[in-house]
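Side chains are part of it too, since the values below use all heavy atoms of this structure and drop only hydrogens, waters and symmetry mates.
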Amino acid sequence: MNKNATYTFAKHNFIKATITIVLTFFISVTFGQSKEAYQKVADSLLTIGQNDELIQYFDNELKKYPKNEHVLRMLGYAHITKNNLDLGEKYYTDALEVNPKCARCYLNIGRISALRGNNKEALDYFNKAVDTDPNDVLLYSNRGKLKEMLGDKFGALSDHNKAIKMDPNNVDSYILRGIYNSNSGYPSLAISDLTKAIELAPESYYPYYHRASVYYDQKRFEEAFTDINEAIKKDSNQYILYTVRAAIFELMQEHQKAVDDYSKAISLNKNDYASYVNRALSYYGLEDLDASCADYSTLKSLIEEGKINDKAILTQVNNAMQDICDASKPSYYFQRGVGYYNLKEYQKAFDIYDVGLEKFPDNAMMLSFKGNTYLVLNEYEKALNYYKRSLEHKENIREEIKVNPRFSGASSERINSYYNGSLATIYLSMSECEVYLGNFDEAFTAIEEGLKLAPVIDGFNTEAYYNMRGYIYVTKKKYKRALNDFDKSIAINKNYPLAYVYRAIAKVSSVEKIKFSSFSMYGNFKNQAMNIRWNLPTKSSFKKSEAVLLSALSDCNTAIEIDNTLGFAFYIRGQIKQMLAKPDYCLDLLRAKDLGIRVEAQLLQDCKN
């Protein structure tokens with residue numbers, strides 16, 4: 001199944017770009033609670049994502065203390081977190097009327113301007129904040145962040161450096177400069193700053209979180225994973241930490257662990273909509289399309305309620321609802337069938353395909369996928385029947401591609417490439433079926449059609465097509481043509497082990513004095529498509545054939561270096577070693593047998609099992 005996971009760790013990077021605001025409040029000795037008491041309430045509610053409850057609490061406080069600066073500022077901040085920018089600005093403006101020297105009020109009004117896209121106006125407010133309180137270190141750090149957004153990198157760095165010079169022990173200043181260095185392409189400096197922040201605040205999760213982000217961007221995933229685990233140890237109530245770790249689990253193909261972390265993030269912050277999207281993708285990775293659709297349905301409801309307006313989320317949800325969640329469309333059935341196929345639950349795949357084909361009997365995609373299921377079960381005649389039926393209705397493959405949301409806005413050239421690639425894949429599978437049935441002429445015709453259609457695009461496994469045709473040439477004893485095809489296969493993908501093994505077979509078989517003593521079809525083409533034995537060369541012919549045999553041996557060595565579980569490579573290498581009178585040939589043959597390869601008893605007669 002083609003995984004379209006677009007909403008991974010990159011989604012979390014918007015947090016790095018957000019201006020960090022740490023609110024401190026002037027102490028009111030006459031009205032309301034102390035700054036610390038209000039801050040404690042705010043922190044407890046924000047940590048668990050209860051923004052609405054936070055607003056309600058401070059609305060009630062404002063009724064009791066309408067001129068309390070701390071309450072007004074906290075309401076302003078709460079509304080910013082809800083993206084209620086007009087209300088946020090109103091409450092900070094009201095706070096300024098109470099205390100005209102509230103530098104943090106100017107800062108946050110500037111932040112609102114930035115969120116509205118008016119960065120120049122925001123800079124005016126930031127400058128006013130600094131003028132109002134030139135000794136507030138955090139004002140310089142945040143102004144530096146804004147200057148960076150405006151493209152004034154030298155001004156930004158100057159502010160960050162000034163903040164650190166004013167207070168060399170301020171953790172936030174090092175974090176913000178670390179983020180600046182990371183964004184500016186200086187990861188080593190960023191890591192240095194964040195490491196310093198960790199030294200200053202070893203019990204804080206925050207610098208670990210940001211350093212994990214830098215490591216992640218540098219593809220240093222083990223270090224990112226270590227840091228994010230450490231951050232979670234420091235504070236297990238920060239939902240964002242679980243979303244980051246889940247993204248790393250996704251890279252490791254640990255889909256269930258990713259699901260668990262996204263679920264934890266959602267439990268900590270019910271408004272963490274990105275985690276719903278990412279969890280849906282993780283469920284998709286687990287082939288649990290029903291669970292994936294449940295998350296998408298939840299998001300669709302939230303979108304309809306107006307709670308989500310993020311364009312990326314809207315696009316992802318709309319695409320998924322069309323592609324995998326709409327039972328009135330063929331894709332609903334063949335996507336689930338492919339999922340069951342990937343899970344090796346073949347009967348469930350047949351069942352869902354049958355339901356889909358009852359509704360859409362001529363759907364070429366579904367017919368070909370059902371053919372794939374028969375192929376993996378070695379029912380070649382049935383597989384061929386479904387492939388041929390699929391080709392009879394091949395034009396609806398093109399229509400299926402056109403309506404697929406992943407191809408929305410795609411050029412006709414791209415659609416045509418994908419269409420041709422889909423047909424080529426069917427012909428490759430047909431060729432494989434004909435090979436197993438011993439119909440080599442029909443197999444050759446099918447693979448020729450596949451090669452004509454195979455698109456020249458990155459990621460398309462054209463190497464498998466040349467490998468298949470080369471294999472058919474071997475069965476026809478056309479070794480030069482076979483070698484040419486295997487060379488092409490390897491040129492396309494130097495890490496394709498089967499091509500090296502089959503090239504070794506072609507090399508050995510091409511030697512004049514070495515002939516097949518036995519040959520039979522057996523097993524799976526991708527694992528062991530044949531049992532083959534050669535007569536051993538005589539001493540007089542050995543010198544002439546030795547160079548070719550050594551070259552074939554080298555091919556087997558390369559295949560095993562690429563995949564040391566490919567038993568077929570050991571099977572062929574063992575025989576070549578036997579021809580070369582190498583004493584360790586039995587080790588290869590026994591290793592092949594251990595890996596599930598059928599090894600003839602005659603080959604093992606001198607080997608101690």
Side-chain angles (χ1 to χ4, degrees), residues 337-338 341-342 344 346-347 349-350 353 367-392 422-451 453-454 461-479 481-482 485-486 489 496-506 509 516-533 559 563 565-572 592-593 595-600:
V338 171
Y341 176 96
N342 290 341
K344 299 183 179 180
Y346 302 121
Q347 188 54 54
F350 281 130
Y353 288 142
L367 289 165
S368 69
F369 290 144
K370 188 169 181 180
N372 291 344
T373 310
Y374 278 121
L375 175 56
V376 79
L377 294 173
N378 302 330
E379 297 190 47
Y380 308 120
E381 293 282 7
K382 289 181 179 179
L384 270 174
N385 176 52
Y386 276 97
Y387 291 137
K388 289 175 182 178
R389 285 177 60 189
S390 175
L391 290 174
E392 289 172 7
S422 298
L423 297 183
T425 301
I426 294 172
Y427 280 113
L428 175 63
S429 298
M430 289 177 69
S431 182
E432 190 172 340
C433 289
E434 298 287 15
V435 161
Y436 288 132
L437 293 169
N439 303 325
F440 296 109
D441 290 339
E442 291 84 350
F444 185 80
T445 299
I447 199 62
E448 285 278 88
E449 287 298 318
L451 277 166
L453 290 163
N461 62 328
T462 313
E463 64 270 20
Y465 292 72
Y466 284 108
N467 187 61
M468 174 63 82
R469 192 173 69 176
Y471 169 76
I472 296 169
Y473 278 135
V474 167
T475 66
K476 293 175 175 289
K477 301 184 179 180
K478 297 180 178 180
Y479 302 123
R481 292 184 179 181
D485 273 350
F486 295 133
S489 181
Y496 186 43
L498 270 177
Y500 288 98
V501 180
Y502 286 120
R503 189 168 71 174
I505 292 170
S509 303
F516 290 149
S517 63
S518 68
F519 172 86
S520 61
M521 302 301 301
Y522 179 78
N524 187 310
F525 181 77
K526 299 177 183 65
N527 183 38
Q528 181 187 12
M530 64 173 75
N531 275 85
I532 184 168
R533 289 182 61 205
D563 181 1
T565 66
L566 184 60
F568 193 46
F570 287 98
Y571 170 73
I572 298 301
K593 187 177 179 181
L595 289 168
I597 298 300
R598 181 183 174 186
V599 182
E600 297 87 338

Polar side-chain atom of [X] near backbone of [Y] as donor-acceptor pair, under 3.5 Å:
X: Tyr353; Y: Val338; result: yes
X: Ser509; Y: Ala506; result: no
X: Asp563; Y: Thr565; result: yes
X: Tyr500; Y: Phe486; result: no

Nearest 0.5 Å, what's the [atom1]-[atom2] distance between [X] and [Y]?
X: Lys344; Y: Leu377; atom1: NZ; atom2: CG; value: 11.5 Å
X: Glu379; Y: Asn385; atom1: CD; atom2: CG; value: 12.0 Å
X: Phe369; Y: Phe350; atom1: CZ; atom2: CZ; value: 14.0 Å
X: Ser368; Y: Leu423; atom1: OG; atom2: CG; value: 9.5 Å
X: Leu498; Y: Glu463; atom1: CG; atom2: CD; value: 10.5 Å
X: Glu449; Y: Ser431; atom1: CD; atom2: OG; value: 11.5 Å

Evaluation steps, side chain to side chain contact (heavy atoms under 4.5 Å, CB included), between Val435 and Met468: CA-CA 9 Å; Val435 161; Met468 174 63 82; 4.0 Å; yes
Non-hydrogen atoms of [X] and [Y] that approach each other most closely:
X: Val599; Y: Lys593; result: CG2-N, 4.0 Å
X: Ile472; Y: Phe444; result: CD1-N, 3.8 Å
X: Gly371; Y: Ala383; result: O-CB, 3.4 Å
X: Tyr386; Y: Leu367; result: CB-O, 3.4 Å
X: Tyr341; Y: Ala349; result: N-CB, 4.2 Å
X: Ala569; Y: Val501; result: CB-CG2, 3.7 Å

Evaluation steps, side chain to side chain contact (heavy atoms under 4.5 Å, CB included), between Tyr427 and Leu391: CA-CA 9 Å; Tyr427 280 113; Leu391 290 174; 3.8 Å; yes
Donor + acceptor pair across side chains of Tyr465, Asp485 (<3.5 Å):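 On atom types as modelled, these side chains do not qualify, holding no pair under 3.5 Å.
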Distance-only polar pair, side chains of Asn378 and Tyr380, donor-acceptor under 3.5 Å: yes
Note, Lys476 side chain near Asp441 side chain (heavy atom, < 4.5 Å):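 In short, these two side chains touch, coming nearer than 4.5 Å.
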Student check: side-chain heavy atoms of Leu437 and Glu442 closer than 4.5 Å: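 The answer is no, as the side chains (C-beta and beyond) never meet within the 4.5 Å cut-off.
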Candidate pair Met430 and Lys388, rule side chain to side chain contact (heavy atoms under 4.5 Å, CB included), full reasoning: CA-CA 8 Å; Met430 289 177 69; Lys388 289 175 182 178; 3.9 Å; yes
Ring pair (Phe, Tyr, Trp, His ring centres under 6.0 Å) partner of Tyr471, the single match among Phe568, Tyr502, Phe440: Tyr502
Output field: ring centroids Tyr466/Tyr473 closer than 6.0 Å: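 So the answer is no for these two rings.
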Atom CD of Glu381: over 12 foreign heavy atoms under 6.0 Å: no
